[in-house]
**Q** 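Below is one structure. I have some questions about it.
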Amino acid sequence: MEIASKYSPEQIEKKWYDYWMRHNFFRSTPDEREPYTIVIPPPNVTGVLHMGHMLNNTLQDVFIRRARMTGKNACWVPGTDHASIATEAKVVAKLAEDGIKKSDLTREQFLKHAWDWTYKHGGIILEQLKKLGASCDWERTCFTMDEKRSQSVLKVFVDLYNKGLIYRGVRMVNWDPGAQTAISDEEVNYKEQQGKLYYLRYQLADDPKRYAVVATTRPETILGDTAVCINPNDPKNAYLKGKKVIVPIANKEIPVIEDEYVDIEFGTGVLKVTPAHDVNDYMLGEKYHLESIDIFNDDGTLNEHGLQYAEMDRFEVRKKIEKDLEEAGLMEKVEPYTNSVGFSERTDVPIEPKLSMQWFLKMGKISEPAFMSVMDDVVKLHPAKFKNTYRHWMESIKDWCISRQLWWGHRIPAYYLPEGGYVVAETDEKALELARQKTENNNLSMADLRQDEDCLDTWFSSWLWPISVFDGINEPCNKDIAYYYPTNDLVTAPEILFFWVARMIIAGYEYRDDKPFKNVYLTGIVRDKQGRKMSKSLGNSPDPIELMDQYSADGVRMGMLLCSSAGNDILFDLSQVELGRNFCNKIWNAFRLVKGWQVDETIEQPDSSATAITWFSNKLQSALAEIEDHFEKYRISDAMMSSYKLMWDDFCSWYLEMIKPGYQQPIDQKTLQTTIDFFDRLTRILHPFMPFLTEEIWQLLQPRNVGESIMISEMPEKNSFDEKILKAFDFASEVIIAIRAQRAKRNILNKEQIELFIKKNEETPQTLFDGIVAKLCNIGNIAYIDEKPENCASFIVRSTEFFIPMEENVNKEEERAKLQKELDYTRGFLDGVLKKLNNERFVGNAPEKVLEGERKKKADAEARITVIEEQLKSL
RNA sequence: GGGAGCAUAGCUCAGUUGGUUCAGAGCACCUGCCUUACAAGCAGGGGGUCACAGGUUCGACUCCUGUUGCUCCCACCA
């Protein structure tokens, strides 16, 4: 069989993914096995794959594939999120390109466009996940706005409303004038802005010659002022106490109030109070029963309270009003000023604090079990440091504003009655029924009811995700939810710990009386080399699809995993992905080597091969134990690294070299079969990390039946191993490395055969792996001697002397200098050890194990010194 | 302003209960090899006062305190 020397993934990846799909290997249905469940953090339905998804989904696939290979019934549920704000923003932008304004469309027309968009772009991201190798049960794909999920959302809303947990209220919300919706605090990004601080004169009502000077960054809001406020302890403004002042331009009298909230040192110590447009002012307004005057339209232009500025944009007004105030002599001064301004995460438009009627969910009581379960490790966070963050948030949890002024989403199932009041119901019919009861008017028809225009926050559907994907809200007793819930691991980014993870836990306890998952693995944020978050807008993110085309899906998976310790941000570096690709190629070539060997059934197994097999099978077991330990502790990159070293260093660099027959020589049957068996196990160990390459090799390694696959094979089981053999080999490997170094130093080519003399002493290990040393170093004869031979290159491993006879004379001066240096170092080392051992407090306090170690160090060093001294003497 | 975290080789990062599995990996670098599986490779090598200053301890990369620098979260800046 001719096998290419470079691994080419293109066809191979596609071939095996199709094969897995065709044989339904990803499918999971309840059975008698233990379930292992992951629900995908649903990506935005119209989104495209970015590096964060790559990391996240690689990890999930590693977990799910490993679970599948360890006898669990593994179920990974995929799906997408309707992402109301993000998607609506995209649709609006697309319509704008076509010259259509959202405001010219009816709700129905707009939704038609939104659905068209969703059908067209929706699910692209899921197709991209397939390229990565994601082994999701695609038959279970859900969408947060599909029928069952929508029903679940409405059902939960009605239920919470009936429990008295949902209420309507006027609140100061973050208004996004771009998207014309309220957004949550979490969706506001504060940015430093170079602005101005304006000092305005508010004349006293009873004495126009005197005035209060107010410092503000937002002069356009003066038209909404309903008071100015001073600190009662501020002597310099005491003259304002009990006075009334006149708002410039508006020419309106407002009172001077006093509150300690005002910082005496800031500006002039006089604060203008605009309850409708500032959170703190709103609180002052509540406290002193001030009127709220909202001067803005929803799009950020001024309304009729804006007087002559009505219909102008807020920022235009700021400029204009600055000029007008100056002309009127009411501007004291203007200073440059840096302050932080909130921007909408979605539209990047400065947000406007605005009073508006919103729906809220009371979070206090409902969140208690979720709080406790994380504190008590019923739900474990990995890494655990996020427990603190979680506690901090849960302790100060605020009511959740769940309404959004959008059309794309689940419409709030509240219906307003003609003569005031409203009813809440899952369907129009039920609403009408309730409305008739409430109004005692049986003639009421649907046309008389007006459904709330708002949509629910996206997270109000995704917080039900681990339940709703198994339809556990609509059918709380169905087989799937009973079997798969609670799920096992959730893999997500720490930035949505509160938006999503905390709320899922809350919903889990409220609707299943149980946690939604046992472990939460929080990945880092993928950043570029400058430490910036990778994002489309910055254009600093490589295209994952291109990356996979270039480096193979397996290579990219490896690259992501190697730098992804839990919870730490990862600085993405192409060299990691290169490493992944190189590793694929390494395995591929190891496979080529093994596959290329001819068997001769008549030859006996060489002793060196038998020894190599004994060593490697022990090494394999110790690595398996290590890998399993890493997995248990969610140290995935460590598990990856251990597997990588087992394959590359132990198997390829050591084992294969040990058993490799000479050029064009055949191999014995026994060794070949065992090697293939090792290789088989190695591919299985590596399969969760790099599914495609391992499947390809596994299939070619031995004859397989149709319908067999590595992904449904069993993970090699860990067994006990002999530590002594591994230790003995460590010594042998040191000897081999030392001989290679001698060859390199003395320019003895590898093909030139040499001899080796060993002067054993009581410190020399019993097993020396002579056959292997001879083979790997091309040694014709190994002999044990008592006397130092003439004209030899010599070296010392631990405290055993080795000699290689040389044809040319050895430079004695050089040898002496080298040995002297070695001697000095070892003596220094011994001094350090002796100091410790002569320290009574050390001997008295240190545990026996440590003492033993120190004594061993002492003995070793002494033996070594003796040997070096002897050598020096003989020179 | 409140909270959390980080600082280890040129770069990206591991380092689990304080003690030879402890100073490590990969990349980069240097030297020598196109040795018939692999140059996406092989062999060898250099490189770190573990941010700084104290303290606890027989012993500190590891624990404590402080300093400096950076990051994130929350609140918020008229």
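Naming: A, B, ... by sequence-line order, numbering from 1 per chain.
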**Q** Walk me through it: do A:Tyr202 and A:Tyr211 pass the test ring pair (Phe, Tyr, Trp, His ring centres under 6.0 Å)?
**A** CA-CA 5 Å; A:Tyr202 285 50; A:Tyr211 43 80; over 10 Å; no

**Q** What does A:Lys272 touch in the nucleic acid at a heavy-atom separation under 4.0 angstrom: a base, only the sugar-phosphate, or nothing?
**A**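 Since no nucleic acid heavy atom lies under 4.0 Å of A:Lys272, the category is nothing.
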
**Q** Going by purine N1 to pyrimidine N3 plus the second Watson-Crick contact, or the G-U wobble pair, all under 3.5 Å, which nucleotide sits opposite B:A9?
**A**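 By the stated definition (distances under 3.5 Å), nothing pairs with B:A9.
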
**Q** Could you check whether A:Glu632 gets within reach of a base, just the sugar-phosphate, or nothing at all, counting any heavy atom under 4.0 Å?
**A**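 No contact.
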
**Q** Counting the benzene-type ring for Trp, do A:Phe651 and A:Phe679 have ring centres under 6.0 Å apart?
**A**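 Ring centroids of A:Phe651 and A:Phe679 are less than 6.0 Å from each other.
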
**Q** Rounded to whole Å, how long is the line connecting atom CD of A:Glu734 with atom P of B:U21?
**A**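 In whole Å, B:U21 P and A:Glu734 CD are 14 Å from each other.
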
**Q** For a quick check of understanding: with a heavy-atom distance under 4.0 Å over all strands, which category does A:Ile737 fall into, base, sugar-phosphate or nothing?
**A**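 Since only primed, P, OP1 and OP2 atoms lie under 4.0 Å of A:Ile737, the category is sugar-phosphate.
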
**Q** Taking the side chain as everything from C-beta on, heavy atoms only, tell me whether A:Arg798 gets closer than 4.5 Å to A:Asp860.
**A**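 Heavy-atom side-chain distance check fails, nothing below 4.5 Å.
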
**Q** For B:G47 versus B:G26, give the span between their C1' atoms, rounded off to a whole number of Å.
**A**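 Looking at atom C1' only, B:G47 and B:G26 are 15 Å apart.
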
**Q** Watson-Crick or G-U wobble partner for B:C58, using a 3.5 Å limit on both distances?
**A**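 Here B:C58 is engaged in a pair, and the nucleotide opposite it is B:G19.
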
**Q** Are A:Glu352 and A:Arg218 within salt-bridge range, i.e. N to O under 4.0 Å?
**A**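 Yes.
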
**Q** Are the aromatic rings of A:Tyr390 and A:Phe386 close, with centres under 6.0 Å apart?
**A**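 When the ring centroids of A:Tyr390 and A:Phe386 are compared, they turn out to be at least 6.0 Å apart.
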
**Q** Applying the Watson-Crick and G-U wobble criteria at under 3.5 Å, what pairs with B:A4? Answer none if nothing qualifies.
**A**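 Partner of B:A4: B:U71.
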
**Q** NA contact type, A:Arg581, heavy-atom cut-off 4.0 Å: base, sugar-phosphate, or nothing?
**A**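 Base, at least one base atom sits under 4.0 Å.
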
**Q** In whole Å, I'd like the distance from the NZ atom of A:Lys858 to the P atom of B:G19.
**A**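 From A:Lys858 NZ to B:G19 P: 24 Å.
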
**Q** Out of B:C38, B:G41, B:G44, which has the shortest distance to the side chain of A:Asn582?
**A**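 The closest nucleotide is B:G41.
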
**Q** Looking across every strand, which nucleic acid part, if any, lies under 4.0 Å from A:Val273 by heavy atom: base, sugar-phosphate, or nothing?
**A**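 Here A:Val273 touches no strand at all.
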
**Q** Could you give me the CA-CA distance, side-chain angles and deciding distance for A:Leu497 and A:Trp393, then say whether side-chain contact (heavy atoms from CB on, under 4.5 Å) is met?
**A** CA-CA 10 Å; A:Leu497 186 60; A:Trp393 191 72; over 6 Å; no

**Q** Carefully, step by step, assess A:Val214 and A:Asp225 under the rule side-chain contact (heavy atoms from CB on, under 4.5 Å).
**A** CA-CA 12 Å; A:Val214 173; A:Asp225 286 356; over 6 Å; no

**Q** Name the closest nucleotide to the A:Met641 side chain, picking from B:G19, B:G26, B:C73.
**A**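 Of the options given, the side chain of A:Met641 lies nearest B:G26.
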
**Q** Atom CD of A:Gln742 and atom C1' of B:G44: how far apart are they, to the nearest Å?
**A**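 Distance, rounded to whole Å: 12 Å.
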
**Q** Nearest-nucleotide wise, let me know which of A:Asp649 and A:Asp629 is further upstream toward the 5' end of RNA chain B.
**A**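 Looking at the nearest nucleotide for each, A:Asp629 comes out on the 5' side.
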
**Q** Classify the nucleic acid contact of A:Tyr551 as base, sugar-phosphate or nothing, counting any heavy atom under 4.0 Å across all strands shown.
**A**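 No contact.
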
**Q** Nearest-Å distance, CG (A:Asn589) to P (B:U36)?
**A**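 It is 14 Å, rounded to the nearest whole Å.
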
**Q** Under 4.0 Å, counting only non-hydrogen atoms across every strand here, what does A:Trp597 touch: a base, just sugar-phosphate, or nothing?
**A**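 Here A:Trp597 touches no strand at all.
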
**Q** For atom C1', what is the distance between B:U62 and B:U57, given to the nearest Å?
**A**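 It works out to 13 Å between them.
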
**Q** Tell me what A:Cys229 touches on the nucleic acid: a base, only sugar-phosphate, or nothing, going by heavy atoms under 4.0 Å.
**A**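 Contact class for A:Cys229: none.
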
**Q** Would you measure the distance from the C1' atom in B:G15 across to the matching atom in B:G54 and give it in whole Å?
**A**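 Each nucleotide's C1' atom is 25 Å from the other's.
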
**Q** With side-chain contact (heavy atoms from CB on, under 4.5 Å) as the test, would you mind laying out the steps for A:Met394 and A:Met375 before giving the verdict?
**A** CA-CA 11 Å; A:Met394 290 299 261; A:Met375 288 305 109; over 6 Å; no

**Q** For atom P, what is the distance between B:G69 and B:C64, given to the nearest Å?
**A**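 These two P atoms come out 22 Å apart once rounded.
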
**Q** Considering only side-chain heavy atoms of A:His630, which listed nucleotide, B:U16, B:C42, B:A37, is closest?
**A**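 The closest nucleotide is B:U16.
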
**Q** Does a distance-only test, which skips hydrogens and angles, find a donor-acceptor pair under 3.5 Å between the side chain of A:Glu657 and the base of B:A37?
**A**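 Donor-acceptor pair under 3.5 Å: yes.
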
**Q** Base, sugar-phosphate, or nothing for A:Asp263, non-hydrogen atoms under 4.0 angstrom?
**A**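 Contact class for A:Asp263: base.
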
**Q** Roughly how many Å is it from NZ in A:Lys645 to P in B:G26, rounded to a whole number?
**A**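 So the NZ-P distance, A:Lys645 to B:G26, works out to 7 Å.
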
**Q** Remember a base hit wins even if backbone is also touched, and classify A:Leu579 as base, sugar-phosphate or nothing at under 4.0 Å, heavy atoms.
**A**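 The residue A:Leu579 makes sugar-phosphate contact but no base contact.
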
**Q** Heavy atoms under 4.0 Å, any strand shown: does A:Ala590 hit a base, just sugar-phosphate, or nothing?
**A**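 Touches a base.
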
**Q** Starting from P on B:A37, measure out to CE on A:Met647 and report it in whole angstrom.
**A**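 A:Met647 atom CE is separated from B:A37 atom P by 16 Å.
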
**Q** Between B:C27 and B:C74, how far apart are the two C1' atoms, rounded to whole Å?
**A**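 Between the two C1' atoms, the distance is 38 Å.
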
**Q** Considering every strand shown, what is the Watson-Crick or G-U wobble mate of B:C33 when both distances are under 3.5 Å?
**A**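 Answer to the pairing question: B:G41, which forms a Watson-Crick or G-U pair with B:C33.
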
**Q** I want to confirm an ordering. Mapping A:Tyr337 and A:Trp648 to their closest nucleotides on RNA chain B, which one lands closer to the 5' end?
**A**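 Per heavy-atom nearest nucleotide, the more 5' residue is A:Trp648.
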
**Q** Between the base of B:U57 and the side chain of A:Arg841, is one N or O donor paired with an acceptor at under 3.5 angstrom?
**A**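 A donor-acceptor contact between them is absent.
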
**Q** Report the distance from atom NZ of A:Lys586 to atom P of B:G26, rounded to the nearest whole Å.
**A**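 It is 13 Å, rounded to the nearest whole Å.
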
**Q** B:C38 C1' sits how many Å from A:Phe651 CZ, rounded?
**A**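 Atom-to-atom, A:Phe651 to B:C38, this comes out as 14 Å.
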
**Q** Using a 4.0 Å heavy-atom cut-off, does A:Arg635 contact any base of the nucleic acid, only the sugar-phosphate backbone, or nothing at all?
**A**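 Base contact - A:Arg635 has a heavy atom under 4.0 Å of at least one base atom.
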
**Q** Could you check whether A:Lys856 gets within reach of a base, just the sugar-phosphate, or nothing at all, counting any heavy atom under 4.0 Å?
**A**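 Contact class for A:Lys856: none.
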
